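Beneath this line is the structure, given in structure tokens, with notes to follow.
Computed from heavy atoms alone, side chains included, the values below leave out hydrogens, waters and symmetry copies. Note on naming: letters A, B, ... go to the chains in the order of the sequence lines (proteins, then strands), and numbering restarts at 1 for each one. This is a predicted model, so every value here is computed, not measured.
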Amino acid sequence: SAFAKRCISTSSVMHADLSLTFASPRVVFYNKVNVKQVDVPGISGCFGILAEHVPTIATMRPGVVAVTEEDGATKKYFVSSGTVTVNADSSVQVLAEEAVNVSELDPQSVRDGLSKAQSQLSSASSDNAKAEAQIAVEAFEAMSAAI
Amino acid sequence: SLKHYFIQSNLSMAIPMLRTTMSPVGTRGMATLKDIETRLKSVKNIKKITSSMKMVSAAKFTRAEKALKPARVYGTGAASLYDKNEFTEGEDKVYVAISSDRGLCGGIHSGLGRALKATHAAAPIKKTIIVGDKAKAILQKTIGESYLASFNNVGKKPASFTDALDIAEEVLSHEFETVDVVYNNFVNVVSYKAQAKHIPSLDIVESNDAIYSYDEVDSEVLRCYQEFALANVVFHCLKEQEASEQSARMNAMENATRNAGEMIDKLTLQYNRTRQAVITRELIEIISGANALD
């Protein structure tokens, strides 16, 4: 994965913890929970966020958000899209339009969805329809990579 | 004899009513038995309706409150960028008024109307996007000229994120410096408060130097972020409005049911008194007719 150019954190206050709020409109996964690390699928590539990360705003593409909790356990969630905000006080807000735990993805449904999206892409006529089908194909490809 | 006495005492009670109920159609003041019966029947029907409306609202409220919890976390998260950084409040404002199509929910829509009218009195509102027919009707006179667009079919089903996206898309198709989303904030089951959330426009965010302390920030990222944040905040406000409205409707229907019950009690007493008066009158006619033959 490609890492985008990043600056060095120049903050003088040491926040030991990363406070994560990760939610979708319907479900909250983490609400201001202290975690060790969050990996997010940014538009230009995946990047990991640790405490004292430089403030960042980024948008997400379909992919996997991996959360490493304080006790070391890792949980993976598939997100369809959304935004990530890292603030100066080491709080992170990951807002996903749709997000599910990776364990809830059904491989058969993902395969069916992918073939359907691919056929829609080849039969799409207008630019809008092409773009929508393209997004669907990317999402399903990311889903099958996540399982 | 005892019997005679009984009729006498009832007669003294019945005489005031006797005079006025002699005519077949009820005269002013005293309703006939038929009128009271009709009224009693209709109030009993109303009580059934308000009682069932209350139960439906209670069910919808439980669902709305449950959906509100994640929506609050989500909406607060989305607005955190604007809370943690100072953005100038622009003068060119678009107001988004969030209400619904249906009434019988206490002071929900009028409260929102009052808040917007007060804001309009302080600083004239030039641009408004109305969600819900009730607010549209209430505010037509004062700020009707500022209507840019309106949404209806609100309130029947819980709002989805797609609805928030549609509203946000409409807002973004206009020029503005700040968006004020006005809604009813859910405090608890018996109270709600009309409030506003402010979102600055892309231009204001870009012109603020603090935003560039954030890494990897460029125009494109900011634009996408702003659009998404606006939809998120609108979604949060829609959920708050739903919870407030269902709880208010529940309370209003509860009050209506209780009042209907009191009316039924009063009317039943009146009905029985009138019925007894009619019987007494007939008895008197019979007795006096019998006496006249003696």
Within a reach of under 6.0 Å around NZ of B:Lys117, are more than 12 heavy atoms found that belong to other residues, nucleotides or ligands? yes
Rounded to the nearest 0.5 Å, the CG atom of B:Asn232 sits from the CD atom of A:Gln93 at a distance of 11.5 Å
Could you check which of A:Val94, A:Ile43, A:Leu95 has the highest count of heavy-atom pairs closer than 4.5 Å to chain B? A:Leu95
With a 4.5 Å limit on heavy-atom distance, are the side chains of A:Asn31 and B:Lys69 in contact? no
Assess whether atom NZ of B:Lys127 is packed by more than 12 heavy atoms of other residues, nucleotides or ligands within 6.0 Å. yes
Proximal component of B:Tyr225, with respect to chain A [non-hydrogen, under 4.5 Å]: both
Interatomic spacing from CD1 in A:Ile57 to CD in B:Gln226 - rounded to 0.5 Å: 8.5 Å
Go through the atoms of A:Thr83 and report whether side chain, backbone, both or neither lie under 4.5 Å from a heavy atom of chain B. both
Has B:Lys93 got more than 12 heavy atoms of other residues, nucleotides or ligands less than 6.0 Å from its NZ? yes
Using non-hydrogen atoms and a 4.5 Å limit, figure out which bit of A:Val86 sits close to chain B: side chain, backbone, both or neither. backbone
Answer yes or no: are there more than 12 heavy-atom neighbours, outside A:Asp127 itself, under 6.0 Å from its atom CG? no
Quick check on the interface: out of A:Val27, A:Asn87, A:Thr85, who has the most heavy-atom pairs with chain B under 4.5 Å? A:Asn87
Counting heavy-atom pairs closer than 4.5 Å to chain A, which one of B:Ala67, B:Gly77, B:Ala229 comes out on top? B:Gly77
Could you give the distance from OG (A:Ser81) to CZ (B:Phe228), rounded to the nearest 0.5 Å? 5.5 Å
Is it the case that over 12 heavy atoms from other parts of the model lie below 6.0 angstrom from the CD atom of A:Gln108? yes
Working to the nearest 0.5 Å, report the span between CD of B:Glu227 and OG1 of A:Thr59. 11.0 Å
Pairwise distance OH(B:Tyr74) to CZ(A:Arg26) - rounded to 0.5 angstrom: 9.0 Å
Let's test your reading of the structure: which of A:Ala23, A:Ser91, A:Pro25 forms the most heavy-atom pairs below 4.5 Å with chain B? A:Pro25
Looking at B:Glu169, I'd like to know if its CD atom is crowded, meaning that more than 12 non-hydrogen atoms belonging to other residues, nucleotides or ligands lie closer than 6.0 Å. no
